Asker: 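For reference, the structure I am asking about is given below.
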Amino acid sequence: MSAPNVPAAELRYAAPVPPIPEHAAPPSGRVLDRRGRRLHDLRISVTDRCNFRCTYCMPKEIFGKDYAFLPHASLLSFEEIARLARLFVAHGVEKIRLTGGEPLVRRNVERLVEMLAQLKTPAGEPLDLTLTTNGSLLARKARSLHDAGLRRITVSLDALDDAVFRSMNDVDFPVADVLAGIEAADAAGLRPLKINMVVKRGVNEHEIVPMARRFRGTGHILRFIEFMDVGASNGWRMDDVVPSAEVARRIAEAFPIEPLEANYAGEVAERWRYRDGSGEIGLISSVTQPFCGGCTRARLSTEGRLYTCLFATSGHDLRALLRGGCDDAHIAAAIGAVWGARDDRYSELRSADTAGLRKVEMSYIGG
Ligand code: SAM
Ligand code: SF4
Ligand code: SF4
């Protein structure tokens, strides 16, 4: 099936921020949505640009030469991001992930890391601060990211076979350079390192076992992600999804594995370990086993819109509040009001019909 011809830029319209009660209570450190889920994680997209054109995320036919990426003035500045992050932390956020697009193409992103690394939870603890990257610039940047205060990192890698990897990133980028980035991150102390592999039927499913073989025994946690119907541009079909149960079966045929307890309630990845003690893997089954019930994630887009679901059609315009001169109390109340009204559970409702709905692109709000 060809990708529907919906310009992704059109999907960036903002819903109005819901009215804020006149006497909104200050953040309590534990805001709950309508399904009783707290606000615990914040993903911040620092750019909508990327040097890859992964076919499942930014297909070239849509994100081509004529695609209108956001102008620099539209992006939140680092100061604006840090200010919002502080208010999210006051609402109970303990984990922040920088993403994109490709976060390492945003100039001086280390400076933002440095600012976020200084934030503390209401209990005085440092945040769990991490970043997801395609790894292409990591060999150059791992050390400076660590020095800026980043503690761990997730690298996306869909194949070890160079030809398969080059065709999936669609810019002919060699796998050896990403592997060098992974080594540099490890050497810089960005541990434990997670490696994300999106599995697509007929494209890289034959790479499942070689990837497992390559990373067992390294201390890195390889996580297999079901191909999702994010955005409206990647031509998603259920037939393209390799269910996590099948991934587990294939790995178990090569290396005996057993399930592990979750680290915490609502953990996205189902954890497994190799029986011989050579490490851990994760299965992220957002299609076949939705985890909306425990979803505590908010997403802040590159231009400051707050999305309460990866599959939302619109976000709430926090930048308008920031640039309109609102004080912290007002913006914190807006964040609390948006979260309090949240009722999202897209993955539980997904069907062939919902796959074609207008949704925001992953490169815009971040994975
Ligand atoms: N550019 C960075 C990277 O690739 O790691 C960060 C942004 S990317 C949007 C974040 C994650 O989303 C990556 O691990 C990527 O593989 C994943 N992703 C993108 N499109 C996806 C899709 N259609 N289904 C599942 N995962 C997807
Ligand atoms: Fe870029 Fe990451 Fe999307 Fe690939 S998955 S196109 S690297 S943003
Ligand atoms: Fe959370 Fe939305 Fe994903 Fe469900 S579909 S887990 S609510 S982001």
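What you are looking at is a predicted structure, and each value in this text was computed from that prediction instead of being measured. Note that ligands are numbered from 1 as they come in the structure, with each ligand's atoms numbered from 1 the same way.
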Asker: Which atoms of ligand 3 sit under 4.0 Å from any heavy atom of Arg299?
Answerer: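 Selected atoms, number and element: 8 (S).
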Asker: Between Ser144 and Glu110, do the side chains contain an N or O donor and an N or O acceptor separated by less than 3.5 Å?
Answerer: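 Yes, because at least one side-chain N or O of Ser144 sits under 3.5 Å from a partner of the opposite role on Glu110.
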Asker: Just checking, is any N or O donor in the side chain of Glu102 or Ser136 under 3.5 Å from an acceptor N or O on the other one?
Answerer: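 No donor-acceptor contact under 3.5 Å links the two side chains.
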Asker: Using heavy atoms and a threshold below 4.0 Å, how should the contact between Thr133 and ligand 1 be classified: side chain, backbone, both, or neither?
Answerer: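 Thr133 to ligand 1: backbone contact only, side chain stays beyond 4.0 Å.
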Asker: Check contact between Gly101 and ligand 2, using heavy atoms of the residue and a distance below 4.0 angstrom.
Answerer: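 The answer is yes: ligand 2 sits under 4.0 Å from a heavy atom of Gly101.
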Asker: I'd like to check whether Tyr56 has a polar contact with ligand 1, where a contact means an N/O of the residue lying under 3.5 Å from an N/O of the ligand.
Answerer: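 Yes.
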Asker: Testing the basics here: between Phe291 and Val268, what is the closest heavy-atom pair and its distance to 0.1 Å?
Answerer: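 Smallest interatomic distance, heavy atoms only, reads CZ-CG1, 3.4 Å.
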Asker: To the closest 0.5 Å, what do you measure between OH (Tyr67) and CZ (Arg53)?
Answerer: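 Those atoms lie 9.5 Å apart.
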Asker: Could you tell me whether Met228 approaches ligand 3 through its side chain, its backbone, both or neither, with non-hydrogen atoms closer than 4.0 Å?
Answerer: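 For Met228, no heavy atom sits under 4.0 Å from ligand 3.
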Asker: Check Asp128 with Arg152, please: is the shortest side-chain N to carboxylate O separation under 4.0 Å?
Answerer: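 The answer is yes: the pair qualifies as a salt bridge.
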Asker: With only distance considered, is Thr99 within less than 3.5 Å of ligand 1 through an N or O on each side?
Answerer: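 Between Thr99 and ligand 1, no N or O pair is found under 3.5 Å apart.
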Asker: Which option, Ser156, Ser286, Gly100, owns the non-hydrogen atom nearest atom 5 (O) of ligand 1?
Answerer: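 The option holding the nearest heavy atom is Ser156.
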Asker: Considering both backbone and side-chain atoms of Met228, is one of its nitrogen or oxygen atoms within less than 3.5 Å of a nitrogen or oxygen in ligand 1?
Answerer: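 Checking ligand 1 against Met228, an N or O pair does fall under 3.5 Å apart.
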Asker: Below 4.0 Å from ligand 1: does a non-hydrogen atom of Glu226 turn up there or not?
Answerer: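 The answer is yes: ligand 1 sits under 4.0 Å from a heavy atom of Glu226.
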Asker: Around atom 4 (Fe) of ligand 3, how many protein N, O or S atoms are there at under 2.8 Å?
Answerer: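 Atoms of protein N, O or S type lying less than 2.8 Å from atom 4 (Fe) of ligand 3 total 1.
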Asker: For a 4.5 angstrom cut-off between non-hydrogen side-chain atoms, does Asp177 reach Val175?
Answerer: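 Result no, sub-4.5 Å side-chain heavy-atom pair not found.
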Asker: Could you tell me how the ring of Tyr346 sits relative to the ring of Phe311: parallel (under 30°), tilted (30 to 60°) or perpendicular (over 60°)?
Answerer: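 Tyr346 vs Phe311 ring planes: parallel.
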Asker: Answer yes or no on whether Arg216 is positioned over the face of Phe255, meaning its NZ or CZ is under 6.0 Å from the six-membered ring centre and within 45° of the axis.
Answerer: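 Yes.
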Asker: Which residues and atoms, counting only protein N, O or S, are under 2.8 Å from atom 4 (Fe) of ligand 2?
Answerer: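 Counting only protein N, O or S atoms under 2.8 Å from atom 4 (Fe) of ligand 2, the list reads Cys54 SG.
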Asker: With atoms numbered from 1 as shown, which atoms in ligand 1 lie under 4.0 angstrom from a non-hydrogen atom of Asn196?
Answerer: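 Once the distances to Asn196 are compared, the set is 14 (O).
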Asker: Without hydrogens or angle criteria, can the side chains of Arg97 and Thr154 be said to hold a donor-acceptor pair below 3.5 Å?
Answerer: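 A donor-acceptor contact under 3.5 Å links the two side chains.
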Asker: Quick check on contacts: which atoms of ligand 1 are under 4.0 angstrom from a heavy atom of Asn134?
Answerer: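 Checking each atom against Asn134, I get 2 (C), 3 (C), 5 (O).
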Asker: Looking at Arg166 and Asp172, does any basic side-chain N land under 4.0 Å from a carboxylate oxygen?
Answerer: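 Result for this pair is yes, salt bridge flagged.
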Asker: If you count heavy atoms of other groups shown closer than 6.0 angstrom to CG of Asp343, is the number above 12?
Answerer: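 Atom CG in Asp343 is packed in, count exceeds 12.
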Asker: Taking atom CZ of Arg323 as the centre, report whether more than 12 heavy atoms of other residues, nucleotides or ligands fall under 6.0 Å from it.
Answerer: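 It does: Arg323 CZ has more than 12 such atoms within range.
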Asker: Counting both backbone and side chain atoms, is some N or O of Gly101 under 3.5 Å from an N or O of ligand 1?
Answerer: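 In this structure, Gly101 places an N or O atom under 3.5 Å from an N or O of ligand 1.
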Asker: Under a 4.0 Å threshold between the charged nitrogen and the carboxylate oxygen, would Arg86 count as salt-bridged to Asp328?
Answerer: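 Here Asp328 pairs with Arg86 in a salt bridge, since their nearest N and O are under 4.0 Å apart.
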Asker: Measuring from atom CD1 of Ile225 to atom OH of Tyr56, what distance do you get when rounded to the nearest 0.5 angstrom?
Answerer: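 Output value for this atom pair is 7.5 Å.
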Asker: Should we count CD of Glu258 as having more than 12 external heavy atoms under 6.0 Å?
Answerer: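 Above 12, so yes.
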Asker: Below 4.0 Å, non-hydrogen atoms only: which portion of Thr132 touches ligand 1? Side chain, backbone, both or neither.
Answerer: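 For Thr132, the contact with ligand 1 is made by both the backbone and the side chain.
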Asker: Any donor-acceptor pair under 3.5 Å linking the side-chain atoms of Ser156 with those of Asn134?
Answerer: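 The answer is no; no qualifying pair exists.
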